[in-house]
There are 2 protein chains.
Amino acid sequence: MPEECGERCTETCLCSLEGIITTVSKKWALLVINTIGHYQKLRYNEIMHELHNISPKALSDILKRLEREGLVRREVFKEIPPRVEYSLTEDGRELRRMVIPLLKWASNRHNLNVERCVNRYRRVRLHKIKDEQ
Amino acid sequence: MPEECGERCTETCLCSLEGIITTVSKKWALLVINTIGHYQKLRYNEIMHELHNISPKALSDILKRLEREGLVRREVFKEIPPRVEYSLTEDGRELRRMVIPLLKWASNRHNLNVERCVNRYRRVRLHKIKDEQ
DNA sequence: CAGTATCCCAGCGGATACTG
DNA sequence: CAGTATCCGCTGGGATACTG
């Protein structure tokens with residue numbers, strides 16, 4: 001095998017795979033982050049409506065995970081009927097920003113464009129990230 | 001819901017999730033890419049040795065997938081005994097470069113460092129990406 | 001409204017044995 | 001050496017019904 005690089009190179013631990021990367025790779029994660037980020041604040045059923053083929057359990061699961069990871073904030077209002085609002089934390093917004101270049105690169109490689117969206121996300125209205133200016 | 005942003009913002013389709021992102025999120029993907037990238041060229045059993053708790057099937061599966069995605073190149077030498085060498089394509093190297101900032105960011109958030117590596121990757125020697133200078 | 005509670009299934013990923 | 005072939009358990013994720 002070729003020799004390793006010298007002592008002076010910085011190392012980035014793949015252990016972070018256990019956290020964020022694993023979370024991001026969950027099926028609905030980026031879609032939920034993107035949707036919340038797009039509207040700033042959203043209620044549970046509004047997200048359900050936005051991603052209209054997600055099950056309540058799937059949404060509940062991913063929201064809890066995103067909250068645990070510190071990417072999404074959950075705000076409960078003591079009202080009847082109950083109201084809960086979801087928004088992105090600063091980290092969540094930052095992640096959204098960081099993932100865009102990767103997505104862009106991936107899109108280009110496969111020459112995907114609006115017309116070519118024929119997969120499982122087709123019916124999801126907000127399945128595109130709008131870059132903030 | 002708050003209003004959407006104007007017509008002038010660029011859109012990045014999450015459909016690319018179907019490709020690269022899905023691949024990258026596979027358990028051994030980044031580890032394999034990183035290992036091959038680190039040594040430039042590696043043979044099947046060398047990778048096995050490097051990631052010494054991966055099964056032959058798991059490695060075979062992920063290598064095929066990475067090859068299909070155009071991230072890894074497979075070179076067969078007609079010899080006896082057979083020799084096969086794996087290396088990164090330009091896209092593979094580019095991906096490796098692109099993921100590093102994300103990993104760095106993730107590592108920082110969780111204050112992970114060499115000492116704190118107590119998870120499933122612990123016994124994998126090359127579970128850290130060395131940044132190319 | 002904002003979720004749980006259940007049930008269920010496909011398929012990823014692991015272990016092991018075998019082969020051109 | 002570089003993989004396949006098999007078997008198999010786990011769990012991510014979906015559908016549906018129900019609740020504080």
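Source: prediction; values computed, not measured. Protein chains get the first letters and strands the later ones, always in sequence-line order, with residue 1 at the start of each.
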*Asks:* Considering every strand and a 4.0 Å limit on heavy-atom distances, what is the contact class for Lys57(B): base, sugar-phosphate, or nothing?
*Replies:* base

*Asks:* Determine the minimum heavy-atom distance between Tyr44(B) and Pro56(B), stating which atoms define it.
*Replies:* OH-O, 2.8 Å

*Asks:* Rounded to the nearest 0.5 Å, what separation is found between the CG atom of Asp61(A) and the CD1 atom of Ile54(A)?
*Replies:*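 Rounded to the nearest 0.5 Å, the CG-CD1 separation comes to 9.0 Å.
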
*Asks:* Would you say the side-chain atoms of Glu50(A) and Tyr39(A) include a donor-acceptor pair closer than 3.5 Å?
*Replies:* yes

*Asks:* Side chains of Ile20(A) and Leu102(B): closer than 4.5 Å at any heavy-atom pair?
*Replies:*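 They are not in side-chain contact.
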
*Asks:* Are Val72(A) and Leu88(A) packed together at the side-chain level, in the sense that at least one heavy-atom pair is separated by less than 4.5 angstrom?
*Replies:* yes

*Asks:* Is it the case that Thr23(B) and Glu69(B) place a side-chain donor and acceptor less than 3.5 Å from each other?
*Replies:*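 A donor-acceptor contact under 3.5 Å links the two side chains.
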
*Asks:* Would you mind telling me which residue lines up with the more 5' stretch of DNA chain D, Lys64(B) or Pro56(A), judged by nearest nucleotide?
*Replies:*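 The 5'-side residue here is Lys64(B).
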
*Asks:* Can you give me the first and the last nucleotide of DNA chain D (5' to 3') that has an atom within less than 4.0 angstrom of a non-hydrogen atom in chain B?
*Replies:* dC1(D) to dT6(D)

*Asks:* Categorize Arg65(A) for me: base, sugar-phosphate, or nothing, with a 4.0 angstrom heavy-atom threshold over every strand shown.
*Replies:* nothing

*Asks:* When rounded to the nearest 0.5 angstrom, what distance separates CD1 in Ile62(B) from CG in Leu71(B)?
*Replies:*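 Rounded to the nearest 0.5 Å, the CD1-CG separation comes out at 9.5 Å.
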
*Asks:* Between protein and nucleic acid, restricted to nucleotides 8-11 of chain C and to nitrogen or oxygen atoms under 3.5 Å apart, what atom pairs and distances do you find?
*Replies:*
none

*Asks:* Remember a base hit wins even if backbone is also touched, and classify Phe77(A) as base, sugar-phosphate or nothing at under 4.0 Å, heavy atoms.
*Replies:*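 Result for Phe77(A) = nothing.
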
*Asks:* Main chain of Arg96(A), side chain of Asn34(A): is a donor-acceptor contact present, judged purely on distance under 3.5 Å?
*Replies:*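 Checked: no pair found.
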
*Asks:* Show me, range against range, the stems involving DNA chain C, built from at least 3 consecutive Watson-Crick or G-U pairs below 3.5 Å.
*Replies:*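 Stem segments, range with range: C:1-20 with D:1-20.
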
*Asks:* Between Trp28(B) and dC12(C), is there a side-chain N or O to OP1/OP2 distance below 4.0 Å?
*Replies:* no

*Asks:* If you round to the nearest 0.5 Å, how far is OH of Tyr86(A) from CG of Leu63(A)?
*Replies:* 5.0 Å

*Asks:* Between Arg109(B) and Glu90(A), is there a salt bridge with N-O shorter than 4.0 Å?
*Replies:*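 Looking at Arg109(B) together with Glu90(A), the answer is no, because their closest N to O distance does not fall below 4.0 Å.
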
*Asks:* Could you state the CG-C1' distance from Leu59(B) to dG13(C), rounded to the nearest angstrom?
*Replies:*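 Roughly 13 Å, once rounded to whole Å.
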
*Asks:* Could Glu75(A) and Arg73(A) be called an ion pair, given the rule that one side-chain N must be under 4.0 Å from one carboxylate O?
*Replies:* no

*Asks:* For Asp61(B) and dC12(C), give me the distance from atom CG to atom C1', rounded to whole Å.
*Replies:* 9 Å

